[in-house]
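Please read these numbers as outputs of a predicted model, since none were measured by experiment. Numbering of residues begins at 1 and proceeds along the displayed sequence.
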Amino acid sequence: MHASQILHHSQPETPQRTRTHLHRASLTLVCWLLLSMTIPSLAVSASGNAIDFDIPAQSLDRALRTFAKQSQTSVLYDSQVSRPYTSQRVVGGYTVNQALNLLLRDTELTYRKTSTGVFTIEESADPVTPLLVAATDTPAETRTQSPTTDNAPVETLPEVLVPGFRLTRDSYSAPNATTATKLDTPIMQTPVSIQVVPPQVLKDQQAIELSRALENVSGVYPSQGFNLTNAFNVRGFQTFTYYRNGMPIEAALTQAGRREMGNIERLEVLKGPASFLYGRINPGGLVNMVTKQPLNKPYYALQQQFGSFERYRTTGDATGPLTKDGSLLYRINFTHETFDSFRDFVDGERLFIVPVLRWEISDQTQITFEMEYQHNETFIDFGVPAIGDRPANLPRRRHLGGEPDNKDESDYVLGGFHWSHAFNDDWSISHRFNALLSTEDGTASLPSGVQADGRTLNRFSSEFEDNKVETYFTTVNVNGSLDTFGLNHTLLVGGDYYNFTNTLNVISRTLNSVDIFAPDFSQGPGALTSMPSHVNAQKERYGIYIQDQIELPFNVFLLAGGRFDYAKVESKGSNVNIDEEALKPRFGILWQPVPQLSFFGSYVENFGSDDFFSVNPDGTVLPPDTADQWEVGVKTELLDGRLRGTLAFYDLTKQNIATPDLNNPTFSRATGEARNRGIELDVTAEILPGWKTIGVYSYIDSEITKDNSGNQGNRFANVPRHGGSFWTTYTFQENQLRGLTLGAGVVARSEQEADNANTAQLPGYALVHLLSSYSWNIGGTRMTTQLNVENLLNKKYFPNSAGSRNRIDVGAPRVFLGMLRAEFN
């Protein structure tokens, strides 16, 4: 249980509140997955047959055309990528993968197969995974089918390939994403709202904080993390959980500190309920961080950042092969950072090391081992209280918890592996396992309310000693394609298991009240308000799911599936011992009348989390929250993929929210309900070479529809009605200015409520950001220098609260962040 989660709920009179968690796994999941693994093995003999290829030695461009005809597959690539290469002769019986490997053997290219069966040719030497799109695919009505008999005529693909627009490693667009379906699926064929923040955006904005990166996605807003952890609202509902390559990390329960971005390649944000594929989570959406992986060509980078308030951040990146045959690859990322703050007393230090090792056992089998270690020290900050209906008018630097021991220190180690095996060209299996072990010690001074004089702040202290968490997560997925009655199915069958154990000691004390306009922290802590409490809680959950993506006639794509969840909650020393289960569906449909336009709609239900801080009058914990969402929208892809956009309308309702019991207000009932509905627009574009833009906008109509405490009809806290951002950069392409990039952007929010009672409001604001960078070559070294300015106009603002009028975050003033980077290939 992370300090921030207890701090979020603690009150002086109830310091012993605990959270319960889940215990041990059942063999049901393992047996079910072993049974599911037999499915693809039955299909090997049918789909793994060799094809008689006869491809002459010639230019790679012509060879790939011939390959597409003889294998009856679709191959997407940029002719500029293939032009420098020639291919060897490929004659004989080979599978599709074997033939492609031979064609690309003497090149710096690789390939991947999308969930729709399309092969994409990519440059393997890029420091980051390239994102490519090409207009080489053929309309669905012209695609050929495999012959049903030996004598059946075979129609081949048309011998026409149109060079497509190449999305290079510095592109702002991404044609595919994996988070929405757990498969590499074109966004234009995914019937839900999914957004990607690619690597170049993270670089251009120097997004060293997760909250900065998420400003590029509509409907995602930061929540108060007390300078300890990451929290944010997605479509109006708060979550402390983010995902790392599909693994849940409960940031408010696991002492991982703020998420370090040094090994993050890109972000994928799935809008709306996501428990269908990922287990129990709040219904607004899911943020998935995709980490950097080893490359098969050497690449090294060293970067130094320095900025306002004594921030110094050093990062390194090294990757390449360890063996001559390239079967063993490695990557190491590290970060060391020290910083002060515009807030009194707040400073910190962070060390982050990530080694990754990948073994390419064969063309069909790979395994990756990875580890993360982070040490984090920081000063806890609860912001300022509201006076009247606005945040207190205090200097930005004023900190109201200035006791010298008000610090938090944490360490975590994450280790795991991920392996996959392709049975044939159509069916594969993958398995991921991660373990996260963490420790934390900290002390925090918490505000509990302002007295009637409008200046005296009541406070108390919480100490967290020997806070330990063990988290284990594993998931197995079997996926493949098959044809039934002329319809193409992409099937995913999988399951996951999650185990969480938390032990800690909590000590609460009284603290002297302070005058917020002239605080005095010299009096020290007061007496214990209660005896130290010990938390020993466990939780476990597992789920199994099936998903089918069906390609129907007339370019209609159907997504359907269901998930069964089981969860167990136990807290030693309390009465909490719960078994919960749920079966939830997911449906989506998409029509793509032309390649540039898609219309979609979906319905999904969610199995959410428990509220262990609220109990029924009989002492039992409330049931978990649930949710359902309807969504419709349109997606577009114009200018050969250079302009992509998604416009979506959604209606999302969350049930079983804790609300006070009318007969005994100290207890709760799971009768609360809230509804958020709105419109979201996300657009990325590269209209001219070197000119890239991102624009997002969100409108949220938020309403508490059921509540026993008088909040019915109010807006949810930290949900602005209007919010958005715009970011644009231009890189000069020619002459003496080549390599120079200039950029600017604005982030805007309308007024938002500080609490669900709507007693105080955070004023709306608009922030202006600037960028300038210059890149040049010195021999084989690529040098880049960069300067970013955030909040150029030095706007005073309050970005969010902790859902309380007593804990309101203070926004940073004008901040400069410089960078010097050297890259070697």
Side-chain angles (χ1 to χ4, degrees), residues 60 63-64 67 75-78 80-88 90 94-114 119-132 166-171 174 176 178 184 198-200 245 262-266 290-302 316-334 354-371 416-422 425 428 430 432 780-782 822-825:
L60 182 59
L64 289 172
F67 167 82
V75 182
L76 309 185
Y77 66 96
D78 177 11
Q80 298 295 324
V81 173
S82 63
R83 181 169 295 144
Y85 302 111
T86 58
S87 71
Q88 64 173 349
V90 178
Y94 298 100
T95 66
V96 171
N97 286 350
Q98 290 171 337
L100 260 182
N101 283 326
L102 289 172
L103 288 175
L104 303 178
R105 185 172 66 179
D106 298 324
T107 72
E108 294 183 349
L109 306 178
T110 186
Y111 69 90
R112 59 183 171 89
K113 184 180 180 182
T114 70
F119 289 91
T120 302
I121 309 300
E122 304 175 335
E123 289 182 316
S124 61
D126 278 350
V128 296
T129 302
L131 302 171
L132 307 178
R166 179 169 179 255
L167 298 178
T168 61
R169 69 187 187 188
D170 64 351
S171 174
N176 288 21
T178 60
D184 192 18
Q200 191 60 40
N245 296 330
N263 71 324
I264 302 304
E265 178 181 313
R266 67 181 186 276
V290 181
T291 62
K292 297 176 181 179
Q293 296 298 309
L295 304 176
N296 58 11
K297 296 286 289 184
Y299 170 76
Y300 313 97
L302 184 63
D317 187 359
T319 184
L322 289 173
T323 58
K324 290 184 179 180
D325 63 359
S327 61
L328 200 60
L329 309 173
Y330 81 97
R331 190 160 196 163
I332 297 178
N333 291 100
F334 79 86
V354 187
V356 183
L357 183 67
R358 173 178 292 172
W359 181 19
E360 302 282 352
I361 301 173
S362 69
D363 292 340
Q364 290 77 37
T365 308
Q366 304 83 32
I367 184 168
T368 300
F369 301 92
E370 56 185 349
M371 189 190 84
F417 61 82
H418 171 229
W419 64 266
S420 62
H421 173 73
D425 291 340
S428 65
S430 65
R432 182 180 295 276
T781 303
R782 180 72 166 174
E823 299 173 274
F824 316 89
N825 289 306

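Taking F824 as the reference, nothing meets the ring pair (Phe, Tyr, Trp, His ring centres under 6.0 Å) condition, with sequence neighbours excluded. With sequence neighbours left out, the side-chain contact (heavy atoms from CB on, under 4.5 Å) criterion links D363 to N101. Under the side-chain contact (heavy atoms from CB on, under 4.5 Å) criterion, I361 pairs with W359, T365, I367, sequence neighbours left out. Under the side-chain contact (heavy atoms from CB on, under 4.5 Å) criterion, T368 pairs with Q293, V356, R358, not counting sequence neighbours. Not counting sequence neighbours, the partners of L357 by the side-chain contact (heavy atoms from CB on, under 4.5 Å) test are L322, L328, Y330. For E360, there are no salt bridge (charged side-chain N to carboxylate O under 4.0 Å, His left out) partners two or more places apart in sequence or in a different chain.
Considering every non-hydrogen atom in both A422 and S428, the closest pair reads CA-CB, 3.9 Å. In plain terms, the two heavy atoms of G262 and K292 that are nearest each other are O-NZ, 3.5 Å. The minimum heavy-atom distance between E823 and A301, with the atom names listed, is CG-CB, 4.1 Å. Minimum heavy-atom separation, L329 to P321: CD2-CA, 3.6 Å. Considering all non-hydrogen atoms of both residues, R266 and P198 come closest at CB-CA, 4.1 Å.
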Next on the checklist: Q366 vs S420, test: side chain to side chain donor-acceptor pair (under 3.5 Å). Steps then yes/no.
Outcome noted: CA-CA 6 Å; Q366 304 83 32; S420 62; 3.1 Å; yes

Query raised in the report: Hey, mind stepping through N97 and F119 against side-chain contact (heavy atoms from CB on, under 4.5 Å) and telling me if it holds?
Result: CA-CA 10 Å; N97 286 350; F119 289 91; 3.7 Å; yes

Check the pair N263 / E370 against side-chain contact (heavy atoms from CB on, under 4.5 Å), numbers first and verdict last.
CA-CA 12 Å; N263 71 324; E370 56 185 349; over 6 Å; no

Report the C-alpha separation of V290 and N245 in whole Å, then their side-chain angles, then the decisive distance to 0.1 Å, and conclude whether the side-chain contact (heavy atoms from CB on, under 4.5 Å) test is met. CA-CA 5 Å; V290 181; N245 296 330; 4.1 Å; yes

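Using a distance-only test at 3.5 Å, with no hydrogens or angles considered, no donor-acceptor pair links the side chain of N296 to the main chain of G326. For the pair D425 (side chain) and V96 (backbone), a donor-acceptor distance under 3.5 Å is present.
In this structure, R331 and L295 have side chains that are in contact, with non-hydrogen atoms separated by less than 4.5 Å. You'll find the side chain of Q364 reaches within 4.5 Å of the side chain of S362, heavy atoms only. Looking at heavy atoms from C-beta onward, L100 lies out of side-chain contact with Y94 at the 4.5 angstrom threshold. The side-chain heavy atoms of D184 and T120, taken from C-beta on, include no pair separated by under 4.5 Å. A 4.5 Å side-chain heavy-atom check between I332 and T319 finds every atom pair outside the cut-off.
Note: L60 CG to L109 CG = 6.5 Å, rounded to the nearest 0.5 Å. Atom CH2 in W419 sits 12.5 Å away from atom CZ in R432 (nearest 0.5 Å). Between Y111 atom OH and L64 atom CG the span is 12.5 Å, to the nearest 0.5 Å.
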